[in-house]
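One structure is given below, encoded as C-alpha cells.
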Amino acid sequence: MTHSRTEDGLARNFVAGEWREGDGGARIAVEDPASEEIVLEAAIAGEQSLSLAIEAAQGCVDRRILSDMLPAERAAMLRRVATEIRALASEGAPLLSRESGKRLDDAEAEFAEAASYFEYYSGLADKIEGRSIPLGPGHADFTVLEPYGISAQIIPWNYPVSLAARSLAPALAAGNCAILKAPELDPAALLMVGHAIERAEVPKGAVSILNGYGAELGASLAGSPLIDQIVFTGSVATGQAILHAAAETVTPALVELGGKSAAIAFADADAAALVESVKWGIFNNAGQVCSAMSRLLVHRSRHRDVVERLVAMAKSLSIGDGLSNSDHTPQISSTQLERVEAMVAAARDSGQKVVTGGTRIDRAGHFMAPTILDEVDPASPIAQEEIFGPVLCVTPFDSDEDAIAIANGTEFGLVAGVFTRDVGLALRTANRLRAGQVFVNQWFAGGIQTPFGGVGKSGFGREKGVEALANYVRTKNIAIALD
Ligand code: NAD
C-alpha cells in the first residue's frame with residue numbers, strides 16, 4: 001500500500017486540498033546527493049497555484065473555519081495530524097533520506113519529531129488565554145489572543161519535515177491558516193506532511209504546500225500583500241530579503257537564521273562526553289545544521305589531547321549514503337560541496353592549519369571529508385562565517401574571559417555550549433554567552449518543549465516550546481465602560 005503523491009515520480013503541490021501539477025509544466029529535478037541520480041521531479045507551482053492557495057486560505061479565514069473551531073476540536077485535529085505523520089513515516093523517511101542524503105535514522109527521527117510538534121501544540125490549543133486588566137470599578141477590560149490569518153512559511157532543506165512542523169503546528173493551534181513553500185532541493189518528504197493534513201481532515205484550503213524556487217515562488221509568497229504573517233527559516237541573506245519584503249507590506253516576519261556556534265571545553269571537561277558531542281554537533285547531517293558546533297574552544301591544558309581524540313574520531317567515521325545509516329553523509333548539492341571546499345581551501349591558503357580532511361572525497365556524490373582545523377585565529381573568515389558543512393574550527397584558550405570573548409565574537413548568536421563538571425562555572429559562563437540557548441555537557445540538549453531562536457544575525461523570535469505561540473497570535477484589548 002502506498003499513499004505517496006510521488007509514486008509516479010512526480011511530487012505535486014498540495015493546493016486548497018487538491019494535488020496539483022503546478023502551472024506551465026515546469027519541473028525541478030530532485031537529486032540523490034549520494035549517487036547523483038535523479039530521485040524524482042517536483043512540479044513547480046507558479047502564480048496561478050499561489051493565487052489559488054491564498055484564495056482558499058483567505059476563504060477559511062473569512063469563514064472563521066479554524067478561528068471559531070472549538071479549541072478542543074482544534075487540539076483533536078492536531079492530534080490526528082500527528083497520528084497520520086507517524087503512519088506515513090515508514091514511507092516518508094526513506095524518501096527524505098534519499099532526497100536530502102541524510103541518515104535514515106535521522107529522517108525517521110524527523111518524522112517522529114514532526115508528529116511530536118503536533119502533539120505538543122495540540123496540548124496548548126485550548127490554553128491560549130488572554131488576561132484581565134483592572135481599570136477600576138467603572139470598567140471591565142480584557143485581552144483576546146487572535147490568530148493573524150494566513151501564515152506564510154518558507155522552509156529550508158536541512159530539516160524540511162521537522163522545521164515545517166515546528167512552525168505549522170503552533171500556527172494551526174492558534175487558529176491560523178498556512179501556506180508553506182517547500183525547499184527546492186528536497187521537497188518530496190515535506191509533501192507527505194500535506195498528505196497527513198489531508199488524511200487528518202484538516203479543512204480544505206487551511207494548509208497548502210507549494211514547490212518552487214526561492215527567488216520566484218518564495219519571493220512572491222513573502223512579498224504578497226495578502227498574507228498576514230511570515231515565518232522564515234534559512235540563511236541570513238534570504239532572511240534579509242524577506243525582512244525587506246515584509247517591510248514593504250508591513251507584515252510581521254519571524255526570521256530564524258544561521259549560526260557560528262561555539263562550545264567551550266574547560267580544563268575539567270569530560271573527554272568522552274565532549275568527543276561524542278563534537279561527533280553529533282558538527283558531523284551529523286554533514287554539518288548542515290543551523291545549530292552545529294562549528295567552533296570548539298579548548299582550555300590550553302587539554303588542547304593537544306582533545307585534538308588527538310577528535311582527529312581519531314573524525315577518521316573513524318563511516319562514509320556513505322543515508323539509507324545505510326553511515327556516520328558521514330554527503331552535502332546536499334554540488335553547490336554546497338563547492339562552497340564548503342572553497343572556504344576550507346581559502347583558510348588553508350591564508351595559513352590556517354587543517355589537521356584532518358580539508359577536501360572533497362574522491363567518490364560519486366557530494367562528499368566532503370570530515371574536517372578539523374586547529375589553532376584557528378578567531379578573527380579569520382573560517383572562524384567568523386557560517387560554513388554549513390562538516391568543518392570544525394578548534395582554538396585553544398588560556399582564561400575564562402578569553403573563552404567567553406571568543407565565543408561571543410561573531411555576528412551570530414544561535415546556540416553555545418559549555419563543558420565542565422563545575423556547575424557554578426557552567427552557569428556563570430552560560431549567563432554571559434550571547435546566544436539564544438546554551439547547552440551544558442551535551443550538544444543539542446533540549447527538545448521541542450524548549451524555546452529556540454537567536455540573537456544578532458541568527459535572527460529573532462523564538463520557536464518551539466510555549467514561547468512560540470506568541471508568534472502566531474496578536475493581542476486585541478477590549479475595554480468596556482460599565483456605567
Ligand atoms: P536559504 O536561505 O537559501 O533558503 C531557505 C528557503 O528560502 C528555501 O525554501 C528557499 O527556496 C527560500 N528562498 C530563497 N531565496 C528566497 C527569496 N528571495 N525569497 C523568499 N524565499 C527564498 O537557506 P538554506 O540553504 O535552505 O538553509 C540553510 C540556512 O538555513 C543556513 O544558514 C542555516 O543556518 C539556516 N537554518 C536556520 C535554522 C534556525 O532555526 N535558525 C534552522 C535551519 C536552517
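Each ligand, and each atom within it, is numbered from 1 in the order the structure gives.
- Ligand-side atoms of ligand 1 in range of I154: 6 (C), 7 (O), 9 (O), 12 (C), 20 (C), 21 (N), range being under 4.0 angstrom from any heavy atom.
- Atom CD in E386 sits 5.5 Å away from atom CZ in F412 (nearest 0.5 Å).
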Could you walk me through whether L221 and I227 pass the side-chain contact (heavy atoms from CB on, under 4.5 Å) test, one step at a time?
CA-CA 8 Å; L221 177 59; I227 58 163; 4.1 Å; yes
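- Using a 30° and 60° split on the angle between ring planes, F439 and W443 fall in the perpendicular class, above 60°.
- Among all non-hydrogen protein atoms, the one lying nearest atom 11 (O) of ligand 1 is E184 OE1, 2.6 Å.
- Among protein heavy atoms, atom 28 (C) of ligand 1 sits closest to F388 CE2, 3.4 Å.
- Each of the following atoms of ligand 1 lies closer than 4.0 Å to a heavy atom of N158: 43 (C), 44 (C).
- In this structure, K102 satisfies the cation-pi test against Y159, with its NZ or CZ atom closer than 6.0 Å to the six-membered ring centre and inside 45 degrees of the ring normal.
- Classification of R339 and E385 as a salt-bridged pair fails, no side-chain N sitting under 4.0 Å from a carboxylate O.
- Judged purely by distance below 3.5 Å, without hydrogens or angles, the side chains of W157 and E184 never pair a donor atom with an acceptor atom.
- For atom 32 (O) of ligand 1, the closest non-hydrogen atom on the protein side is E386 OE1, 2.6 Å.
- Atom 41 (N) of ligand 1 has its closest protein heavy atom at L257 O, 2.7 Å.
- Atoms of ligand 1 lying under 4.0 Å from any heavy atom of L163, numbered from 1 in the order shown and given with element: 42 (C), 43 (C).
- At least one N or O atom of K181, backbone or side chain, sits closer than 3.5 Å to an N or O atom of ligand 1.
- Residue R166 places a heavy atom less than 4.0 Å from ligand 1.
- Ring-plane geometry between F283 and H328 is classed as perpendicular, the angle between the planes exceeding 60 degrees on a 0 to 90 degree scale with a lower cut at 30.
- With atom 14 (C) of ligand 1 as the reference point, the heavy atom nearest to it among P160, S294, A182, G214 is part of G214.
- Between R27 and E21, at least one side-chain N (NZ, or NE/NH1/NH2) sits under 4.0 Å from a carboxylate O, which counts as a salt bridge.
- Atoms of ligand 1 lying under 4.0 Å from any heavy atom of T233, numbered from 1 in the order shown and given with element: 5 (C), 37 (C), 38 (C), 39 (C), 40 (O), 42 (C), 43 (C).
- In terms of protein heavy-atom proximity, atom 23 (O) of ligand 1 is nearest to S235 N, 3.4 Å.
- Atom 15 (N) of ligand 1 has as its closest protein heavy atom T238 CG2, 3.3 Å.
- Atoms of ligand 1 found under 4.0 Å from any heavy atom of I155 (numbered from 1 in listed order, with element): 6 (C), 8 (C), 9 (O).
- For atom 21 (N) of ligand 1, the protein comes within 4.0 Å by at least one heavy atom.
- Under a 4.0 Å N-O distance rule, the pair R166/E113 does not qualify as a salt bridge.
- No hydrogens or angles considered: nothing links the side chains of T329 and S326 as a donor-acceptor pair under 3.5 Å.
- Both tests pass for R363 against the ring of F367: distance under 6.0 Å to the centre and angle within 45° of the axis.
- Of all protein heavy atoms, the one closest to atom 27 (O) of ligand 1 is P156 CB, 3.7 Å.
- For ligand 1 and C290, the ligand atoms under 4.0 Å from any heavy atom of the residue are 33 (C), 34 (O), 36 (N), 37 (C), 38 (C), 39 (C), 40 (O), 41 (N), 42 (C), 43 (C), 44 (C).
- For the ligand labelled ligand 1, residue F452 lies inside the 4.0 Å heavy-atom shell.
- Inter-residue side-chain proximity for M343 and E338 is flagged as unmet; no heavy-atom pair is nearer than 4.5 Å.
- Looking only at heavy atoms of the protein, atom 25 (O) of ligand 1 is closest to W157 NE1, 2.9 Å.
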